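Worksheet: one structure, shown below.
This chain uses plain numbering: 1 for the first residue, then up along the sequence. The figures that follow rest on heavy atoms only: side chains count, while hydrogens, waters and symmetry mates do not. This structure is a prediction, so every number in the text was calculated from the model and none was measured.
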Amino acid sequence: MRIVYHEKSKVFHLFNNNISYVMMVLPNGHLGQLYFGKKIHDREGLSDLLELAARPMSSCIFPGDKTFSLEHIKQELPVFGTGDYRSPAVEIVQENGSRILDFQYESHCVESGKPELPGLPATYVEEDSQASTLAITLKDSVSGICAKMLYTIFAEGGIIAKSTHYYNEGTQTVRLERAMSLCMDLPDSDYEWLQLSGAWARERHVITRKLVMGIQSVGSLRGNSSHQHNPFLVLKRPTATEQQGEVIGFSLIYSGNFLMQAEVDAHEVTRVLAGVHPDTFSWNLQPSESFQTPEVVMVYTDQGLNHMSQTFHKLYQKCLARGYWRDRVRPILINNWEATYFDFTEEQLIQIAKKAKECGVELFVLDDGWFGARSSDKAGLGDWIANPSRLPNGITGIAQRIVELGMQFGLWFEPEMVNEDSELYRKHPDWILAAPARAKSHGRYQYVLDFSRAEVVDCIFEMMSDILRKAKVSYVKWDMNRSITECFSAVLSPERQGEVYHRYILGVYELYDRLTKAFPEVLFESCASGGGRFDPGMLYYAPQGWISDDTDGVERMKIQYGTSLCYPISSMGSHVSMVPNHQVYRNTPLHTRANVAYFGTFGYELDLNRLSDKEIQEVKEQISFMKEYRELLQFGTFYRLKSPFEGNEMAWMVVSEDKETAVVGWYRVLNGVNGHYARLRLAGLDAERCYRNQESGSLCYGDELMNLGLCTTDATAGEVAADQKPCTDFESRLYVLEAVKQER
């Protein structure tokens, strides 16, 4: 891992064993891009990678020179108005109304390690030897605005983290209207664009299409990263697969309004932009004020989508998630929501907990409905005080009873919201986001608190921390059940209303930061109507998230598969729920519901007292299995084998770091008859070692399992005989493979 500056040619080269990132100070003082991809040799003459050509009808910088046009040069911080007609990375309106900028190189420095980003989540390192950071300062001399561009290269993996810090060294106030975290100009457009999109209950489905001339983008203007689109983008070569080929992943560590965009110009150059969505955004920079953009992480590999995902998984597990729970296996929990909804008493909850304890569950989570006047979703939000008619001894009392059963206790909050029918709203009606003299839109009968205001964040912190200090709470489920409308703050001046969306999410981050520091051993799980804010920004504070309100095992195949493109298995909240499922009314076998949920944090969302004795025995076996293999399942190396978006079957697997153990999950949606013999090619095993299949007892070498495949043939091949185990729709199986000692 090195960062080299060639002073004569003004070239910067960041490289490790995997990648190279090459930039240079251009003849006009701007910062240009030369190369990003597989590692290349460092040499003095890398500046000859700069491509210049006289193109017709282009605006040029230097008199008489028809080759130097910003329209055709790859740039790190492109601006609009001086010849580059593509989307810019930054727009700043000055006091005279001009948007013209000229960011020229001023200085640079290199430091070991990685600096924090004030007020924002970002990747980090625990030792300086794990990363190096290049900071390049550019300045627009007319306005006095400086852009400090941060580039961190990690010692391992094809990873670059990038952000920009703007600060006003001038004498006038300016308005920042666009501040993208990343601009990457790629030399061609021969890529397929891959995004994770969907809606509530079907989040992060994989959508792939070819790049073409023009603009393609995903984003959110909802105030949260959203169910609809994830702040994640992949550009892959058309021939790239899970196991081979060039892939570049872009992940934005941010939880608010965002934009991920690729623009292909007339000469097949692809410009990728990522950052805070410029629509509805503005930020006033008075003299001496600054603005920090969120961080973007780029991952390059020539070893396919699986390798890209594994790089993100490892980075986000060890260098984004933090604290006590970062490296610990997650407790197996039971949540009462789908068991009771709002209709419960303390005694009913205790009966659910007792049965769960009997089965081996370790954590009982009390969901919505325990506070204020909360008997439906129409009242109580904001009043974080236990309802004595439901919980006579408060949260302290029920938490103590759960702990005495030998379990941990968890609690649901929705800190950012308020109902009109609440004491908090009656006392502070101006604390919500709402435009003066305008109707206010509700979502789920609730309104969004103005977290851009310090006094609002302080109030919620005090209410939540009072409960967490007094009661034995080991887990917090932090929900957020609506997006922002009428985004207006009663305390900000008119010229600062464009800052509200970003200030809001900074307030959310501040509350998370204060609570996680005050209660470092509490496990926080982020939630937003399920997967409405499942993003890297949340992972920085909460090491796991509820990935979707859809608990159906079949639907979860697609959701968890898509999520795994970027996010580690340890971050995915996954539960076994009752049938018929409460979202799609599908009847899925109990073993299939568990076989999907194993590849996540694992838990139950039902009343175990309603199951048969046979089902309870199966639940006990599931929990026993998860306890034995959860270290591997949550922190092993994950491989996608078959996509649920491409056929009737899906498969994935995890392999231990020493390649001693692997767990393979195989799933089929609809049953067949008189079908073919089937084998599943595995990945990640030691080709030279022999593995025992715990289900069949068969022995196969790793190379056989990876090249010929694991036999998955079942009763659907041929005519079903009376002595065969029958197969059904929504079938699944787990295969545990253990390396055997070989005698020499």
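For the residue pair A179 and L176, the shortest heavy atom distance occurs at CB-CD2, 3.8 Å. In plain terms, the two heavy atoms of R178 and A89 that are nearest each other are CG-O, 3.7 Å. Nearest heavy atom pair, residue L134 against residue I3, reads N-CD1, 3.7 Å. Scanning both residues, S59 and G83, for their nearest heavy atoms gives CB-CA, 4.1 Å.
Expressed to the nearest 0.5 Å, how far NE2 of H30 lies from CG of D84 amounts to 10.5 Å. Separation of atoms CD1 (I505) and CE (M538) is listed at 5.0 Å; rounding is to 0.5 Å. The CG atom of L186 lies 5.0 Å from the CD1 atom of I248; values are rounded to the nearest 0.5 Å. Between the CE atom in M24 and the NE2 atom in H13 there is a gap of 14.0 Å [rounded to 0.5 Å]. The CG atom of L506 sits 13.0 Å away from atom CG of L511, with the distance rounded to the nearest 0.5 Å. Distance check: S20 OG to I40 CD1 gives 5.0 Å after rounding to the nearest 0.5 Å.
Taking a 6.0 Å sphere around CD of E455, one finds it holds more than 12 heavy atoms contributed by other residues, nucleotides or ligands. Open room surrounds CZ on R222; 12 or fewer heavy atoms of other groups in view lie less than 6.0 Å from it. For E495, the CD atom is densely surrounded, since the number of other residues' heavy atoms within 6.0 Å is greater than 12.
Using a 4.0 Å cut-off between charged nitrogen and carboxylate oxygen, E295 and K114 count as a salt-bridge pair. A salt bridge links K210 and D190; the closest N-O separation between the charged side-chain nitrogens and carboxylate oxygens is under 4.0 Å. Under the 4.0 Å criterion applied to side-chain N and carboxylate O atoms, K318 and D327 are assigned as salt-bridge partners. The pair K236-E192 counts as a salt bridge, with a side-chain nitrogen and a carboxylate oxygen less than 4.0 angstrom apart. Note on R326 versus E126: salt bridge recorded, some NZ/NE/NH1/NH2 to OD/OE distance being below 4.0 Å.
The salt bridge (Lys or Arg N to Asp or Glu O under 4.0 Å) test applied to D65 returns no partner, not counting sequence neighbours. With sequence neighbours excluded, the residues that form a salt bridge (Lys or Arg N to Asp or Glu O under 4.0 Å) with R503 are E499. Not a single ring pair (Phe, Tyr, Trp, His ring centres under 6.0 Å) links H277 to another residue, sequence neighbours left out. Contacts of F451 classified as ring pair (Phe, Tyr, Trp, His ring centres under 6.0 Å), with partners at least two apart in sequence or in another chain: Y504. With sequence neighbours left out, D188 forms a salt bridge (Lys or Arg N to Asp or Glu O under 4.0 Å) with R237. Residues satisfying the salt bridge (Lys or Arg N to Asp or Glu O under 4.0 Å) test with E177, not counting sequence neighbours, are R99, R175. Here F258 pairs with nothing under the ring pair (Phe, Tyr, Trp, His ring centres under 6.0 Å) rule; sequence neighbours left out. In this structure F36 satisfies the ring pair (Phe, Tyr, Trp, His ring centres under 6.0 Å) test together with Y21, sequence neighbours excluded.
Judged by distance alone, with hydrogens and angles left aside, the side-chain atoms of Y124 form a donor-acceptor pair with the main-chain N or O of A321 at under 3.5 Å. Side chain of H229 to backbone of L259: no donor-acceptor contact under 3.5 angstrom is found. Proximity of a side-chain donor or acceptor of T293 to a complementary backbone N or O of T164 within less than 3.5 Å is detected. R86 places no side-chain N or O within 3.5 Å of a backbone atom of R271 that could act as its donor or acceptor partner. The closest donor-acceptor contact from the side chain of N16 to the backbone of G157 lies under 3.5 Å. No donor-acceptor distance shorter than 3.5 angstrom exists from the side chain of N230 to the backbone of L196, with no hydrogens or angles considered. Between the side chain of D140 and the main chain of D102, a donor-acceptor pair closer than 3.5 Å is present. For the pair K162 (side chain) and C183 (backbone), a donor-acceptor distance under 3.5 Å is present. Side chain of N306 to main chain of Q310: no donor-acceptor pair is present (N/O by atom type, distance under 3.5 Å, no hydrogens or angles). The backbone N or O of S58 lies less than 3.5 Å from no partner atom in the side chain of E71, so there is not a single donor-acceptor pair.
The closest side-chain donor-acceptor pair between Q104 and S141, if any, does not fall under 3.5 angstrom. Side-chain polar atoms of H502 and N257 form no donor-acceptor pair below 3.5 angstrom. Judged purely by distance below 3.5 Å, without hydrogens or angles, the side chains of S143 and Q94 never pair a donor atom with an acceptor atom. Side-chain contact check for S181 and Y254: no donor-acceptor pair (N or O, by modelled atom type) lies under 3.5 Å.
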Quiz item: Which is it for S251 and Y316 under the side-chain hydrogen bond (donor to acceptor under 3.5 Å, both in side chains) test, yes or no, and what are the steps along the way?
Solution: CA-CA 11 Å; S251 177; Y316 284 178; 2.7 Å; yes
Quiz prompt | Derivation and outcome, side-chain hydrogen bond (donor to acceptor under 3.5 Å, both in side chains), residues S163 and Q292 | solution = CA-CA 8 Å; S163 68; Q292 173 65 52; 3.1 Å; yes
Quiz item: How far apart are the C-alpha atoms of R209 and Q195, what are their side-chain angles, what is the distance that settles it, and do they pass the side-chain hydrogen bond (donor to acceptor under 3.5 Å, both in side chains) test?
Solution: CA-CA 9 Å; R209 60 182 182 270; Q195 69 192 58; 2.8 Å; yes
Practice problem: May I have the step-by-step check of side-chain hydrogen bond (donor to acceptor under 3.5 Å, both in side chains) for D42 and H6, ending in yes or no? | Solution: CA-CA 10 Å; D42 185 57; H6 297 284; 2.9 Å; yes
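Remark: R322 is positioned above the aromatic ring of Y540, its terminal NZ or CZ atom under 6.0 angstrom from the ring centre and at most 45 degrees off the axis. With a 6.0 Å cutoff to the six-membered ring centre and a 45° limit on the axis angle, R204 counts as a cation-pi contact of F534.
Within the structure, ring-ring contact (aromatic ring centres under 6.0 Å, His included) pairs that include any residue of residues 156-188 comprise H165-Y167 (at least two apart or interchain). Applying the salt bridge (charged side-chain N to carboxylate O under 4.0 Å, His left out) rule to pairs touching residues 53-63 yields nothing, sequence neighbours excluded. The salt bridge (charged side-chain N to carboxylate O under 4.0 Å, His left out) analysis of residues 275-294, with sequence neighbours excluded, yields the pairs E289-R496.
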N/O donor-acceptor pairs under 3.5 Å from side chains in residues 145-154, not counting sequence neighbours:
unit_1, atom_1, unit_2, atom_2, d
Y151, OH, E76, OE1, 2.6
T152, OG1, T133, OG1, 2.8

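Ring orientation note: the planes of F232 and F312 are nearly perpendicular, at an angle over 60° on the 30°/60° scale. Classification of the F281-W283 ring pair by plane angle, with boundaries at 30° and 60°, yields parallel.
With respect to Y300, the side chain to side chain contact (heavy atoms under 4.5 Å, CB included) criterion is satisfied by exactly one of T311, I19, N18: I19.
Aromatic ring centroids of Y541 and W478 lie 6.0 Å or more apart.
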